[in-house]
Amino acid sequence: MEEYPEELRTPPVSLIAVVGCPELHATLSRHLHSEQPPINTLALPDFSKASLLFSTTKESKDNDDHETAVGGILKRDWLLKHRTKVPSVLAALFSYDQLSGDPAQWLQVCSLLDQLKALLRPRNVKFLLLVVVPHQSSNPLNDDIGEDRMLALRKRAELDPKYILLFKPDEPSELKQSLQRLGSAFAELASAYYRDEGRRIKLRLEKKTFNSSSIELHVRYCFKVAVYAEFRRDWVEALRFYEDAYQTLREMIGTSKRLPALQRLVEIKTVAEQLHFKISTLLLHGGKVGEAVLWFRRHNASYRRLVGAPEAIFLHREWMSRQFLVFAELLDKSSAAIQNISSLVLATKDTPLTEWESRPAYYYQLAAHYLKEKRSSLELALSMLETANEMDNSAESVVPSAYVGQFARLLEQGDAFSMLPITDEEYIRFAVAEGKRFQDSFEIIALLKKSYESYGDLKVQRMGSFCGFQMAREYYAAGDFTNAKQLFDDIASLYRREGWVILLWEVLGYLRECARKRGTVKEFVEYSLEMAALPVSSGIDTQSLRFKECGPAGPASLAEREVIHKEVFGLVCGESELPQVESRNNLQITGDNPLHLEIDLVSPLRLVLLASVAFHEQIIKPSVSTLITISLLSQLPVSVEIDQLELQFNQSDCNFIIMNAQRPSSAATSDDKQGHRVETSSSLALATNKWLRFTYDIKSDQSGKLECISVIAKIGTHFTICCRAESPASMEDLPLWKFEDRVETSPTKDAALAFNGQKAAQVEEPDPQVDLYLGASGPAFVGESFMVPVTVISMGHAVYSGELKINLVDVKGGGLFSPREAEPYSLDSHHVELVGISGPQGEDESQLGTDEIKKIQKSFGLVSVPSLKCGESWSCKLEIKWHRPKPVMLFVSLGYSPQSNESTAQKVNVHKSLQIEGKTAILINHQFMLPFRRDPLLLSRIKPVSDSDQPASLPLNEISILIVSAKNSAEVPLRLLSMSLQLDNDSVVRSYSTPHEVEDLDPALLVPGEEFKKVFTVISEVNSSKLRLGTMCVRWRRDSGTEEQSGSTVTSVLTEQILPDVNVELPPLVVSLDCPPYAILGDPFTYLIKIRNQTQLLQEVKFSLGDAQSFVLSGSHIDTVFVLPKSEHILSYKLVPLASGVQQLPRFSVTCVRYSAGFLPSIAASTIFVFPSKPHFKVASVRDRRTESLVAE
Amino acid sequence: MAPVGPRTGDAIFSNVERVNAELFTLTYGAIVRQLLTDLEEVEEVNKQLDQMGYNIGIRLIDEFLAKSNVSRCIDFKETAETIAKVGFKMFLGVTASVTNWDADGTCCSIVLEDNPLVDFVELPDTCQGLYYCNILSGVIRGALEMVSMKTEVTWVRDMLRGDDAFELQVKLLKQVPEEYPYKDDE
Amino acid sequence: MGREVSESCVDSLLTEMVSSYCDRFYANKPELAARRIEAIGFQVGHQLSERYTMERPRFSDHLEAIKFICKDFWSELFKKQIDNLKTNHRGTFVLQDNRFRWLARMSVDPSSEGGDLSQDNSAGAPENKAAQATSMHLYFPCGIIRGALSNLGIPCAVSADISNLPACSFVVRIKA
Amino acid sequence: MPEKMIVCVAVVGHQNNPLYIQSFTEADDALKLHHIVHCSLDVVDERVNNPKKSGSPLNETFLGLLYPTENYKVYGYLTNTKVKFIVVTTDLDVRDADVRNFFRRFHAAYVDAVSNPFHVPGKKITSRTFAERVSTIVKSFGLSSAG
């Protein structure tokens, strides 16, 4: 687009001329140019210039009309002329003084006017008069002299008054006004001029005044009309006439005979180009992208086949290229304005617009394409000419002629120049010479880059990368291999991903050459190998052998693959080296620059070498050998002999090497792999697409994961390929080859292994050869410290750096720790705890010092075990204490290493566990008894309260009896050492019938379930609702007879239990029955009932005495008595027993009205033994029997 | 001898329940391919196809006799004709022809130009040696055995191998008088 | 091409296919047999869907594809459409055929064995066998449906339920 | 050689990989045709991903003209099973009807090819029958309706 002349590129601007008063011209032109639309000003200093200006254009103007033979279609200078030389309006400026001055001046003005009119009329250029009125001078219209001078002036000039303007430059506000008036006047006149001109020519077109045969004129006139319309900014008309011109021009092809064929075509194309440019510009300015594109299609369709003479093809292609480029640029400019272009796509039924046709990128790309074609055909033309070495300097004097798209030879005769028409041959020579001056490839790259980038912005990757590909090819051709490589690499990855093998082949071919040229051996080998391994068979793709422009690698075919294969392997085996064109040192692989390739799971070289490794077992025993299968696959076209294979594992001492028996030479290389296992295989030949399988045994003593990391193939002496090992189970199918229609074979013959084989296996740890005994028998008793002997006996393994881990775990999983319940007796809230670890039998605690006992916590312990040789043993005791009954799991695990050296040896672990029941050995119970036949009325008893939470109540100042029993709830017999009631210091209980510590003479033996009772008498003298009685302390131990096998110690255990508080209160009444200890049949006795009122109040007491069939009695049965305060009422009855044996005395019940509380004595209290006849015994014994009877109760 | 039963199966075929041949064709194809992957050996696949055919044949014969009221044919020659003309038609909807009788009329060829089994089928190079349609030979063998004719059926021509038609050679081994070896290969 | 064959061809072929795989090749490994039968069905479904979707616009969503299976596809195979289609709108579809031909014409009498496959291990051995045979037969149509759908770009799992014979419903669970 | 002629046909798989590509030109630009076909996949994506922009009716298998190159026209077709067919014709005015008709026959040929029990889905189509059928379809292109 830049090469177009300015006047063509930009829309025309009206031109006017001013003459006279030169000092004002600057102001005027500045103002007019700033007008909207702008107006260009031609400033003529004085009137003589005016005549000169018009006279020049004179004759060139006429010869349009009455010339018989038309020289061309468009005059080259016409447009320019009308934009710069031919004003539409002429404005003559006169100062007011000139008019109002003396007659001489006036006459001069008149003559000037006449001259101008004479000049302008034939060209009907519009005329305008400006009278410059200086500030001081009064307004000409209101002094009479001025009045008639102006009139005269108008007559002279034959002008409509509105075209004679007063111009007042001095006073700013007025200057502004007059400028505006001036501006509008000019605009009006100018458009009038262009309209008239347009009309004039349109008239010719309609009237066909010109000789109608000449289409040239028709085109030219249309063009002119259009341009005049553009001057008037009448785009619609402009467009219409440009299109008309374009259509007519198309008809000229073939018809016109004016010029030699070739140049004729050139001229037509050039004009067509201009017209089309105008059309598309107008359309795009109107935002009609769709139409513009359709127009371009038409343009392209109608001219693309007009190639012209063979030797001038390059001209055509250059022209085509320019069409695309220009349109692309136009689109680029407008697409900035028009958002979301693809929404404008108009889908006309037959010719729908496709996405890319509204994208500049598309046209840039094609421009580049044609430019490339141009280059090639230009080279052709050049060679043709040069062979005929006609490249004389005749081309020099050829210049563009008067007509657009025409050329002529410039001849100078003396000082005059004349144009001679030239022959097509001359023209060609000239064009070729011109063409030679340009460096096309840079231009091509630039175009492609534009399209590449804008496609990139649109995320149109494939088209984009195609442009990239062409760019890269240009770079390659230009010798810029670095740029080329970069581009090629991206493109290659795309083709790899989508499996376009043929395209990939071509790209790789270039990359390979780039590598060769840049002397990078590694890349060269990699690309070569990949190419050799591509799925290109001479099967269906044979037809692709007929590639014209296939890359340096030649057409993709099996044969080519083999060639490349051979070449690269010649190189890597050091047999050959690649001659370098540029650099002096050839590509080669030697000892001092060996070559090492890495192939991972994503590498494109997986095609070249694929290593699958499968352990036959997933879990293997240490140092027991299992099988491992290594399978290699290659798609290289020729089978490859591998010199040695090295397998690398995460456990490096499992690594081993497989040597090729055929290659004794490589045996030498083996001894640098000192200490590594070396296998030899009869053959390591890797055939195309055939799994090369080895199965070897492998073993590891190192427990844990054993994984094959990589397989390293050594080919030749200096070339190694390190291939990441893959598991058959999780192996992705080969890229590219997976699309090939062929049977796939599995890496291993064994289908199961192929399906779920893994490259890694788990090595178990060796079986322990050490026994761990937990010698203990439950149950353990709460309170005692329970001993669990632990014995470590080595059988087969020596024990080094052994460690015992001890764990106590709640069987129910509840945990041994419960913070919420805080027992008074367990300071910490552990129910079971590991108290200590004592050394083996014989040696005492101190010996198992801090150095062995690493750490002891409540439920966890860690002890180190001294080193043991085979057969030795060691033991220790765990001391565990239960705070409450609970079953506990004891876990003991021994970790040790059989070898003495810490570093390599791994730990072996032995685990043992034992559940131990924790039980309470002694159950302590107690109960209270009131004195015999003496019943205090305890008010607290009356209130109906659930007796569970209610503390036992005791009467004040009465003798109560406390019976405490200790029951053996264990399975084993226990010895009771002592049983005592410990008073808390704050206790207010005073007197005891018995002293505090009761040391029994010999510890009582309690067989399981047996109960031992002990009696205390309690007299409480303080009246308190919560009286603490103290703590029962029972000291006991397991019965010594069983001591040996039980893990417990001889030391006695003290079980304590706090007696619940009692409520001591003063009974208001105490009823005591009084009767002899026994009665004799038929022998009457007195039965006294004493009701004692202990209160300060009078107590009304109802009582009743029921009948008893075994007695006859005297006295009132039912009555109410009043008992005086602090006094006692005695009821006395005489009873005669009627039956012998234990007899129920008449039931006696009392109701205390005040408290509405009735009570009757216990049955026990109201029974009596009746002897049939009077017994005989001493009185002394009576007291003993009394106490005994108490205990027995 | 007097012709027994219909000479062609067209009428019967038009009466029986028919289904889309594609389903049949594709299913058979899928089975053959699955057999190839499972049994690997082409020979084994041929064997199994024949076996399947046999099992089908011994079941199909009843339906055949029922639908085409063919009274039991004694004559092998005629039986062959019936199979070709009626049998193939009423099951596969195609007619076969019987040719190449040997002198003593115990061996002939059943020729099949059109065969729904092989629509779309193209043998890959890897399974040359496969008798793709081997199930047919099995069917014929099985069916004939039910009418007490022990036969041996072999392929002479196979379109999948580039021949111009399918040709099955049916050779009568022995004609067992009225005994039904039902419990043969079960 | 409107080529046709007698239905008994297909039936006997299927029956024979199932029995070969269950009783001969994988006699003691029913799950392997099942997988093979399903695979055969898959291939058939894959190819049939390619055929029967010719000449029709592309499906815009899963439901359209499923409907296609219920209507055109099914009628091509069985000369009838699926009778009832249910979905939970979360990728599960239930296609019910009130009288599934391949079960109706199967040698085992469906009524004899009591419905749902899972239940009748309680029932006697022969019925069990019948049930197993039935289920084996069903792997084939399941495979067909799965093959067809996956070829239409809908990966899924298909199972069959014959708890109320002769109706048979196929449950399609689309893999998200 | 016929007025309107097909220079290249291709079947493209799910990963945009070529399953079958065959060119029918005497000119030695088979490689160029590979490029053209590959580039056309961009347009196919565009059409399928936002159909409303391009005028083509929703979900129709025939995608219409994908784009004109310097000397060719590229047409596209997307089956229900997401397989793409691409055809490249010489850039003379080709009627949509002809192309549609071509694609219909081509699709039928394709379906038969993949109905071969030994064809593995997603792999290249090597069937000779298919190749022959395609070349006959290509030869008869446009003749049916060409004036």
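Numbers restart at 1 for each chain; the letters A, B, ... are given by sequence-line order, proteins then strands. Everything numeric in this text was worked out from a predicted model, so none of it was measured.
Considering only heavy-atom pairs separated by less than 4.5 Å from chain C, the leading option among B:D38, B:I56, B:L92 is B:D38. By number of non-hydrogen pairs under 4.5 angstrom with chain C, the leading residue of B:V19, B:V139, B:L26 is B:V19. Chain B forms the most heavy-atom pairs under 4.5 Å with one residue out of C:M17, C:R36, C:Q47, and that residue is C:R36.
With a 4.5 angstrom heavy-atom cutoff, C:L14 touches chain B only via side-chain atoms. Proximity to chain B (any heavy atom under 4.5 Å) is shown, for C:F42, by neither the backbone nor the side chain. When heavy atoms are compared at a cutoff of 4.5 Å, C:S12 approaches chain B by way of both its backbone and its side chain. Proximity to chain B is limited to the side chain of C:F140, based on heavy atoms less than 4.5 angstrom apart. The part of B:L60 that comes within reach of chain C is its side chain, from C-beta onward, which places non-hydrogen atoms under 4.5 angstrom from that chain.
Taking 4.0 Å as the cut-off between side-chain N and carboxylate O, C:R101 and B:E17 count as a salt-bridged pair.
By the neighbour-count criterion of 12 heavy atoms within 6.0 Å, atom NZ of B:K77 is densely surrounded, having more than that number from other residues, nucleotides or ligands. Counting non-hydrogen atoms of other residues, nucleotides and ligands closer than 6.0 Å to OH of C:Y139 gives a total of 12 or fewer. In C:E31, the CD atom is crowded: over 12 heavy atoms of neighbouring residues, nucleotides or ligands sit closer than 6.0 Å. Under a cut-off of 6.0 angstrom, the local environment of CZ in C:R56 is crowded, with over 12 non-hydrogen atoms contributed by other residues, nucleotides or ligands.
For the residue pair B:Q51 / C:R24, no side-chain donor-acceptor distance below 3.5 Å is found, with atom types taken as modelled. Under the 3.5 Å distance criterion, with hydrogens and angles disregarded, no donor-acceptor pair is assigned to the side chains of C:E16 and B:Y54.
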With side chain to side chain contact (heavy atoms under 4.5 Å, CB included) as the test, would you mind laying out the steps for B:I135 and C:L13 before giving the verdict?
CA-CA 10 Å; B:I135 195 160; C:L13 182 61; 3.9 Å; yes

Walk me through it: do C:E7 and B:R18 pass the test salt bridge (charged side-chain N to carboxylate O under 4.0 Å, His left out)?
CA-CA 5 Å; C:E7 186 172 24; B:R18 292 184 307 281; over 6 Å; no

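With rounding to the nearest 0.5 angstrom, the CG atom of B:L35 is 6.5 Å from the CD1 atom of C:I40. The distance from atom CD of B:Q34 to atom CD1 of C:I37, rounded to the nearest 0.5 Å, is 10.0 Å. Of the inter-residue distances, the one linking C:F78 atom CZ with B:L23 atom CG reads 7.0 Å to the nearest 0.5 angstrom. For the atom pair C:Y21 OH and B:M52 CE, the distance stands at 8.0 Å (nearest 0.5 Å).
Closest approach of B:F91 and C:C9 over heavy atoms only: O-SG, 3.2 Å.
Judged as a salt bridge (Lys or Arg N to Asp or Glu O under 4.0 Å), the pairs with a partner in residues 92-116 of chain B (not counting sequence neighbours) are, in order, B:D114-C:R3.
Residues passing the side-chain contact (heavy atoms from CB on, under 4.5 Å) test with C:Q96, sequence neighbours excluded: C:N84, C:K86, C:N98, C:A167, C:S169.
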